[in-house]
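Values in this document were obtained by computation on a predicted structure and should not be read as measured data.
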Amino acid sequence: GYVIQIISSAILGGKALRVQITEWKDKRSLNQNRLYWMWLNEICDQIQRRIGQEHDTETLHEYFKQSYCPQKSKLLGTKEIVIASTAKLDKGEMHFYLNQIEQWCIERGFRLTIPDGCEYSNLREAQNG
């Protein structure tokens with residue numbers, strides 16, 4: 001009803017429309033976000049202890065976003081821009097992002113806490129059979 005009225009009105013008024021239908025995917029969870037920021041703190045602490053360099057979590061967040069975060073296209077007026085934002089990731093994309101960060105840490109000898117029963121741990125176990 002209502003959506004069809006809006007579309008009909010726009011078409012009759014000569015307005016151009018863009019309609020996009022995509023599969024529904026849940027946004028990244030608060031659990032995933034908490035784990036991510038806990039990891040950033042752990043990595044910063046380990047860098048400090050290992051080589052004496054002080055980094056804040058925001059800087060590390062930007063580094064990982066540039067390295068691993070999927071880019072999303074957004075419209076800014078009529079211009080399409082590309083952004084990398086963990087807030088825009090769905091649960092599957094955020095899991096993949098966390099996995100890439102975990103691999104980065106393993107390759108460099110950083111240890112991350114993965115709490116038993118957390119969403120990341122459960123999904124990883126489900127994927128590994």
Engineer: Do we see a donor-acceptor contact under 3.5 Å between the side chains of Y120 and E102?
Structural biologist: yes
Engineer: Assigning hydrophobic clusters by single linkage (Ile, Leu, Val, Met, Phe, Trp, Tyr; side-chain heavy-atom cutoff under 4.5 Å), is V82 placed with Y68?
Structural biologist: no
Engineer: Answer whether the closest heavy-atom distance between the side chains of R111 and E42 falls below 4.5 Å.
Structural biologist: no
Engineer: Please tell me if the side chains of E119 and H95 come closer than 4.5 Å, counting only heavy atoms from C-beta onward.
Structural biologist: no
Engineer: Under the 3.5 angstrom rule, does the side chain of S85 hit a backbone N or O of A87 as a donor-acceptor pair?
Structural biologist: yes
Engineer: Can you tell me how far NZ of K88 sits from SG of C69, rounded to the nearest 0.5 angstrom?
Structural biologist: 11.5 Å
Engineer: Please assess L89 against K72 for the test side-chain contact (heavy atoms from CB on, under 4.5 Å), listing each intermediate value before the final yes or no.
Structural biologist: CA-CA 9 Å; L89 300 181; K72 306 263 183 169; 4.2 Å; yes
Engineer: Does some side-chain heavy atom of E58 sit less than 4.5 Å from a side-chain heavy atom of L40?
Structural biologist: no
Engineer: Are the side chain of S67 and the backbone of Y63 linked by a donor-acceptor contact shorter than 3.5 Å?
Structural biologist: yes
Engineer: Please say whether the positively charged group of R28, taken as NZ for Lys or CZ for Arg, lies over the ring of Y36, i.e. under 6.0 angstrom from the six-membered ring centre and within 45 degrees of the axis.
Structural biologist: no
Engineer: Check whether any side-chain heavy atom of L112 lies under 4.5 Å from a side-chain heavy atom of I43, and answer yes or no.
Structural biologist: yes
Engineer: For residues I106 and L60: do they belong to one hydrophobic cluster (side chain heavy atoms under 4.5 Å, members Ile, Leu, Val, Met, Phe, Trp, Tyr)?
Structural biologist: no
Engineer: So which atom in W39 and which in L98 form the shortest heavy-atom distance, rounded to 0.1 Å?
Structural biologist: CZ3-O, 3.3 Å
Engineer: Would you find a donor on one side and an acceptor on the other, under 3.5 Å apart, between the side chain of E107 and the backbone of W104?
Structural biologist: no
Engineer: Looking only at heavy atoms, which two atoms of G109 and Q46 are closest? And how far apart?
Structural biologist: O-OE1, 4.4 Å
Engineer: Dump the intermediate steps for side-chain contact (heavy atoms from CB on, under 4.5 Å) on M38 and L35, then the final yes or no.
Structural biologist: CA-CA 5 Å; M38 180 181 78; L35 179 66; 3.5 Å; yes
Engineer: Is there a path of hydrophobic side-chain contacts, each under 4.5 Å between heavy atoms, that joins I83 and L76?
Structural biologist: yes
Engineer: Do Q48 side-chain atoms and H55 backbone N/O form a donor-acceptor pair below 3.5 Å?
Structural biologist: no
Engineer: Side chains of S73 and I81: closer than 4.5 Å at any heavy-atom pair?
Structural biologist: no
Engineer: Check whether more than 12 heavy atoms from other residues, nucleotides or ligands sit under 6.0 Å from atom CZ of F96, and answer yes or no.
Structural biologist: no
Engineer: Find the distance between CZ (F110) and CG (D45) and round it off to the nearest 0.5 Å.
Structural biologist: 11.0 Å
Engineer: Could you tell me which non-hydrogen atom of G117 sits nearest to which non-hydrogen atom of N122, and how far apart they are?
Structural biologist: O-ND2, 3.2 Å
Engineer: Report yes if the side chains of D90 and E93 come closer than 4.5 Å at any heavy-atom pair, otherwise no.
Structural biologist: yes
Engineer: Is there side-chain contact between T59 and C44, with heavy atoms separated by less than 4.5 Å?
Structural biologist: no
Engineer: Parallel, tilted or perpendicular: which describes the rings of W37 and H61, with under 30° parallel and over 60° perpendicular?
Structural biologist: tilted
